[in-house]
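Notes follow once the structure below has been shown.
Since this is a predicted model, take the numbers as computed values, not measurements.
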Amino acid sequence: MQKYLTADQFKLYQLIWQRFMASQMSPAVFDTTTVDFDIATKGRQCLFRATGSVIKFQGFLALYREAREEGDSKALEDEQALPFLEMGEKVPVKAITPTQHFTEPPPRFSEASLVKELERLGIGRPSTYASIISVLAERRYVALEQRRFFPSELGETVEKVMVKKFPDLFDVHFTAKMELELDKIADGDANWIEVLGEEWSKIKKNLHDDDLPQLIGEAYDLSALATERCPECGGKLVAKGGFFGPFVACENHPKVCKYTRPIKGEKKPAELTKYMCQECGEPMVIRHGRSGDFLGCSKFPKCRGTRSMPTGVKCPKDGGEIAERRSKKRGKAFYGCENYPNCDFVVWDKPVAEVCPECGYVGAEAKSNKTRGTFRKCLKCTNEWDVASPGRSRRSG
């Protein structure tokens, strides 16, 4: 089989085959041991505990072991084995090293850990997991950075308003229950009209009293509107909903007065940059869109030239500027050379203008993980070094 496949194709085939065969094999069996050490230190008796496990029967582990992401709890097969000890046996203490640990929040979801959570909660099916994740990114509820999901401002606003307004509808147990109901409908064990009628009767209780200004007020601080007046006609200012989201308008809008402004206050003046528009050659300004900042032509709307926000770091391949981009399907942020498609250089982590201590190149990926913390990776020679901080020396490797 391998001679008909490329190396990557064979690896994928091997992974699928091993995973399938492992699912048909017996589970592994472990002996888990806990040893308590009663040790006198600094005039006090202290209890120290060590745990370990030993594989008694490999089972499916003989063929397949799941990779684990950083931040996941240890599996039994990853536990270190302890030596055989008798009750009351004296064990020599070589050293006691005190370390301090702080409670940390759980790591943010990655695509893999989010799928595991959906499986645990009974939400979705293997055939729908990809579409669920795509919707979160396409609608800008989250941003995928360094392979982790971070809630966007829109996502936080939706959660703040909609979860409060429809607590039952946005409860994970409701979604899991609906999955079961849909399965029953598909199997002919439930009538779809009755199921929808029952659920609609619950939802419409929260719909008849909808108050749009109240909903907007729950998402944004509108307390200042009570004392503000329209600068054009002196009328009261009220919050309204529009196609592009909520905004503030004069109470006489649109028949008598045309005054409107964004919900967060007057628009900031456009910031002029050194970059020139590729369409007409005029200076470009920093504009703000739903997906973040970007560069737009200062002559808009006469010229509609735009480009991604540059990072100030040069491409190590052809010297072009590296700019932020987002994938079309999942909205995942990445960084690529502005000379694409003539240059295919891309990286996933944001480039920063820092000097590599190995080759002297100005440009590195800003990377971080739970084990190592924040560090840099040179865009040219891939050398890595830690970020210097108070009480910590810089190490390159």
- prompt: Atom NZ in Lys255, atom NZ in Lys258: separation rounded to 0.5 Å?
  reply: 11.0 Å
query: Is a side-chain donor or acceptor of Glu251 paired with a backbone partner of Lys236 at a separation under 3.5 angstrom?
result: yes
- line: Tightest non-hydrogen contact, residues Lys314 and Tyr361, listed as O-OH, 2.7 Å
Backbone N/O of Tyr141 and side chain of Ser152: donor-acceptor pair under 3.5 Å: yes
message: Check whether Lys240 reaches the backbone of His253 with its side chain - one donor and one acceptor, N or O, closer than 3.5 Å.
response: yes
field: Pairs involving residues 334-344, ordered by first then second residue, that meet salt bridge (Lys or Arg N to Asp or Glu O under 4.0 Å) (sequence neighbours left out)
entry: Arg307-Glu338, Lys317-Asp344
message: Under 4.5 Å between side-chain heavy atoms, counting indirect links through other Ile/Leu/Val/Met/Phe/Trp/Tyr residues: same cluster for Leu180 and Ile132 or not?
response: no
Evaluation steps, side chain to side chain contact (heavy atoms under 4.5 Å, CB included), between Leu15 and Tyr64: CA-CA 9 Å; Leu15 177 64; Tyr64 178 81; 3.9 Å; yes
- prompt: Is Trp17 reachable from Phe10 through a run of hydrophobic residues whose side-chain heavy atoms are each under 4.5 Å from the next?
  reply: yes
Residue pair Tyr259 / Cys230: nearest heavy atoms and the distance that separates them: CB-SG, 3.7 Å
- line: Rounded to the nearest 0.5 angstrom, the SG-CD distance for Cys297 and Glu279 is 8.5 Å
query: Would Lys177 and Glu199 pass as an ion pair if we require N to O under 4.0 Å?
result: yes
message: Is any side-chain heavy atom of Leu118 closer than 4.5 Å to one of Thr128?
response: no
- prompt: In terms of hydrophobic clusters joined by side-chain contacts under 4.5 Å, are Val195 and Leu182 together?
  reply: yes
- request: Take Leu295 and Ile286 through the test side chain to side chain contact (heavy atoms under 4.5 Å, CB included) and record every step on the way to the result.
  value: CA-CA 5 Å; Leu295 294 182; Ile286 298 176; 3.9 Å; yes
query: Linking I/L/V/M/F/W/Y whenever any side-chain heavy atoms sit under 4.5 Å apart, do Phe345 and Tyr335 land together?
result: yes
message: Check this for me, if you would: do Arg376 and Glu384 make a salt bridge, where the nitrogen-to-carboxylate-oxygen distance has to be below 4.0 angstrom?
response: no
- request: Verify, without hydrogens or angle tests, whether Glu365 (side chain) and Val352 (backbone) share a donor-acceptor contact under 3.5 angstrom.
  value: no
query: Are any of the side-chain nitrogens in Lys302 or Glu282 under 4.0 Å away from the carboxylate oxygens of its partner?
result: no
statement: Output for pair (Glu111 CD, Phe149 CZ), nearest 0.5 Å, gives 5.0 Å
Where Ala353 and Val313 come nearest, the two heavy atoms and their spacing: N-CG2, 3.7 Å
- prompt: More than 12 foreign heavy atoms under 6.0 Å from NZ of Lys350: is that the case here?
  reply: no
- prompt: Closest heavy-atom contact between Cys356 and Cys359?
  reply: SG-N, 3.5 Å
message: To the nearest 0.5 Å, what is the distance between SG on Cys277 and CZ on Phe300?
response: 12.0 Å
field: Donor-acceptor pair, side chain of Ser298 and main chain of Val285, under 3.5 angstrom
entry: no
task: Applying side chain to side chain contact (heavy atoms under 4.5 Å, CB included), run through Arg261 and Leu237 and close with a yes or a no.
output: CA-CA 10 Å; Arg261 66 172 170 81; Leu237 294 179; 4.2 Å; yes
message: Please determine whether residues Ile133 and Leu154 belong to a single hydrophobic cluster, defined as Ile, Leu, Val, Met, Phe, Trp and Tyr linked transitively by side-chain heavy-atom distances below 4.5 Å.
response: yes
query: Distance-only, no hydrogens or angles: does the Glu324 side chain make a donor-acceptor pair with backbone N or O of Phe334 under 3.5 Å?
result: no
query: Can you find a heavy atom in the side chain of Met284 that is under 4.5 Å from one in the side chain of Gln278?
result: yes
- prompt: Got a second to check how far Leu114's CG is from Tyr129's OH, nearest 0.5 Å?
  reply: 10.0 Å
- prompt: When you look at Cys233 and Asn252, which way does the side chain to side chain contact (heavy atoms under 4.5 Å, CB included) test go after all the steps?
  reply: CA-CA 9 Å; Cys233 71; Asn252 301 316; 3.5 Å; yes
message: How long is the straight-line distance from CZ of Phe109 back to NZ of Lys116, given to the nearest 0.5 Å?
response: 11.5 Å
query: Looking at Leu63 and Ala22, what are the two nearest heavy atoms and their distance?
result: CD2-N, 4.1 Å
- prompt: Among pairs that include at least one residue of residues 18-36, which meet salt bridge (Lys or Arg N to Asp or Glu O under 4.0 Å), considering only residues two or more places apart or in two chains?
  reply: Arg19-Glu66, Asp31-Lys56, Asp36-Arg49
task: Search all heavy atoms of Cys337 against all heavy atoms of Asp318 and return the closest pair with its distance.
output: SG-OD1, 3.3 Å
- line: Sequence neighbours excluded, the answer for side-chain contact (heavy atoms from CB on, under 4.5 Å) partners of Phe150 is Arg108, Glu145, Arg148
field: Side chain proximity check, Val256 to Cys250, heavy atoms < 4.5 angstrom
entry: no
